[in-house]
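A quick write-up on the structure given underneath.
Residue numbers begin at 1 in each chain, while the letters A, B, ... track the order of the sequences.
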Amino acid sequence: MEVRVRFAPSPTGYLHVGGLRTALYNYLFAKHHGGKCILRIEDTDRTRFVENAQENLIKSLTWAGVEFDESPEVGGDYGPYIQSQRFDLYTKYANELLENGSAYYAFDTAEELDAMRERQQKAGIAPKYDRTVMRNEFTLGKEETKKLIDAGTACVIRLKVPLNAEIRFTDAIRGDVVVTGRDVDDQILLKSDGFPTYHLANVIDDHLMQISHVIRGEEWLPSTPKHVLLYQAFGWECPQFAHLPLLLNKDKTKLSKRQGSVAVEDFVEKGYFKEAFVNFIALLGWNPTADREIFTMDELIQAFNLEKVNKSGAVFDTQKLDWMNSQYLKTLPLDYLTELLMPTLEKFNFEKVCKEYVSSVINLLKERITFLNEIPVFGNYMFEKPKTYEQDYIDKHWKENTTEIMKKLIEKLRNAADWKHETTHDITKAYVESSGLKLKDVIHPLRLMLTGKSVGAGMFETMEILGKEECMERLDYFINKNS
RNA sequence: GGUCCUAUAGACUAACGGUUAGGUCACCAGCCUUUCACGCUGGCAGUAGGGGUUCGAAUCCCCUUAGGAUCACCA
């Protein structure tokens with residue numbers, strides 16, 4: 001049987017990192033088995049329409065490298081892939097359920113339902129639709145029901161849960177799960193506006209789209225019995241369920257907006273590499289080996305299996321993500337990094353920056369930063385003359401005789417045959433030794449004059465990339481200014 | 001509260017009955033050194049508790065505890 005999985009988000013306007021992980025696992029699973037990964041938009045809640053939601057979703061997914069074989073954009077044989085465009089289907093199937101006695105009409109108002117729940121809460125019982133006392137087909141009778149329907153009375157269609165049924169299914173991650181019908185609510189399947197609820201639409205679409213594995217978040221585990229019941233009522237075969245452990249806040253509650261960034265686009269903006277982000281997210285709740293952390297997408301596909309997915313939730317802690325990002329910064333190809341950085345650089349109004357130069361600057365600085373976009377700030381002096389000089393650094397390293405010492409060194413450097421870092425290093429070393437000084441005594445002043453900062457890459461490597469002309473200008477400027 | 005799920009260090013995890021309980025991040029120390037990093041070496045730190053089963057339990061079973069999810073005409 002062909003593996004067909006689906007990622008079925010509701011369009012909320014942004015992609016949640018938990019959603020990305022679910023999408024990613026679906027994608028990895030499908031690719032691992034040479035199957036298909038499908039994107040379906042679950043927009044059956046008309047009260048929660050968000051402008052451009054679908055575009056944003058797909059943008060983030062594409063950024064991460066999760067691609068779909070069938071989706072609203074690329075199409076496919078089982079479309080449409082947007083639930084609001086499949087409206088007629090749901091009504092048709094709901095009627096089928098009505099006819100075979102698996103569902104029934106109910107006429108209760110929101111107020112009546114609220115009152116029922118309140119009563120139950122007070123009595124200390126779990127809130128659950130009581131079809132023996134509420135206004136529905138059973139309490140009203142067939143004739144009265146028909147009359148109300150014909151009169152156009154607002155109504156919903158509910159699932160008739162067999163009270164004594166023992167509902168069981170096997171979850172690929174959690175094993176056998178058994179629930180009794182008594183604990184399952186008579187779920188509304190078709191709302192009074194004619195739209196289906198998630199439960200109905202989801203089951204119908206998964207069946208019609210021939211989904212083989214339903215891989216989704218653990219929050220769906222409690223409602224899975226309803227879905228199993230629906231498959232049975234239709235006489236359809238259940239897909240294989242796999243409920244993923246939750247992503248958690250630091251306080252171990254379900255990862256939420258309140259406690260920090262959860263939108264993938266926020267992490268894009270912060271400057272994380274997609275390679276690092278995907279790598280990190282993939283390893284939250286699943287681990288292929290004990291002794292390895294870095295995986296490319298292809299390697300993840302190769303290694304992925306549902307059996308090794310954890311059962312317990314994972315705290316989404318970005319400390320390790322930062323480390324991973326720095327690892328990728330060190331190993332990603334220079335050309336790729338340069339392409340990524342160029343647009344960012346343009347915003348800084350630095351004078352003419354060319355790719356070759358940017359490349360060498362990235363190479364110079366990448367070992368001491370975590371994010372690529374730190375370069376224009378951390379290494380601003382590579383693109384512009386120092387505007388300020390760290391006072392603490394001056395106080396610490398600029399002694400009384402430093403000006404004289406540096407003047408002499410500058411002259412030696414001015415006569416350098418070339419500007420390779422080995423050459424300038426040798427010149428400086430020779431000078432220092434002949435003057436009875438230490439390298440430190442001149443390197444710090446040099447760094448100060450050239451960069452204005454106390455922190456940076458190796459001094460002579462920095463000078464090489466800056467170029468002789470630029471270095472001499474900065475050195476002369478500083479000396480003149482201070483004498 | 002009902003139902004369900006889960007439990008290895010601060011975080012992510014490995015060990016599918018037999019290991020001195022392993023790795024990574026973070027943290028600490030040392031080395032390297034030209035500042036800051038990288039890197040290298042070492043260190044701190046864990047099987048929630050209690051009962052069983054077994055020659056032997058982190059691992060299987062039960063209870064307790066703790067945490068979580070879910071109980072909408074949201075998904």
A:Y14 and A:H16 aromatic ring geometry - parallel, tilted or perpendicular at 30°/60° bounds
tilted
Look at A:K128 and B:U70 and indicate whether a side-chain polar atom (N or O) is within less than 4.0 Å of OP1 or OP2.
no
So, does A:K429 get its side chain near the phosphate of B:U34, meaning an N or O under 4.0 Å from OP1 or OP2?
no
B:G46 -> Watson-Crick or G-U wobble partner, both distances under 3.5 Å, gives none
Considering only side-chain heavy atoms of A:N287, which listed nucleotide, B:C4, B:A14, B:C73, is closest?
B:A14
Using OP1 and OP2 only, check whether a side-chain N or O of A:T44 sits under 4.0 Å from B:A75.
yes
Would A:K270 count as a cation-pi partner of A:F267, with NZ or CZ less than 6.0 Å from the six-membered ring centre and within 45° of the ring normal?
yes
Whole-Å distance separating the NZ atom of A:K453 from the P atom of B:U35
18 Å
Is the positively charged end of A:R40 above the ring of A:F7, judged by distance under 6.0 angstrom from the centroid and angle within 45° of the axis?
no
Below 4.0 angstrom from OP1 or OP2 of B:C73, is there any side-chain N or O of A:R117?
yes
With rounding to whole Å, what would you report as the distance between B:G10 and B:A26 at their C1' atoms?
8 Å
Do the side-chain N or O atoms of A:K320 get closer than 4.0 angstrom to the phosphate oxygens (OP1, OP2) of B:U13?
no
Any strand: nucleotide that pairs with B:U6 via Watson-Crick or wobble, under 3.5 Å
B:A66
Please confirm whether the shortest side-chain N or O distance from A:K191 to OP1 or OP2 of B:C74 is below 4.0 Å.
yes
Can you tell me whether the side chain of A:R48 and the base of B:C74 have a donor-acceptor pair closer than 3.5 Å?
yes
Is there a side-chain polar atom (N or O) of A:N202 under 4.0 Å from OP1 or OP2 of B:A75?
no
Please report the distance, rounded to the nearest Å, between CZ in A:R368 and C1' in B:U35.
9 Å
Do any N or O atoms of the protein come closer than 3.5 Å to N or O atoms of nucleotides 39-50 of chain B, and which pairs are they?
none

By the 4.0 Å heavy-atom rule, please label A:G217 as base, sugar-phosphate, or nothing.
nothing
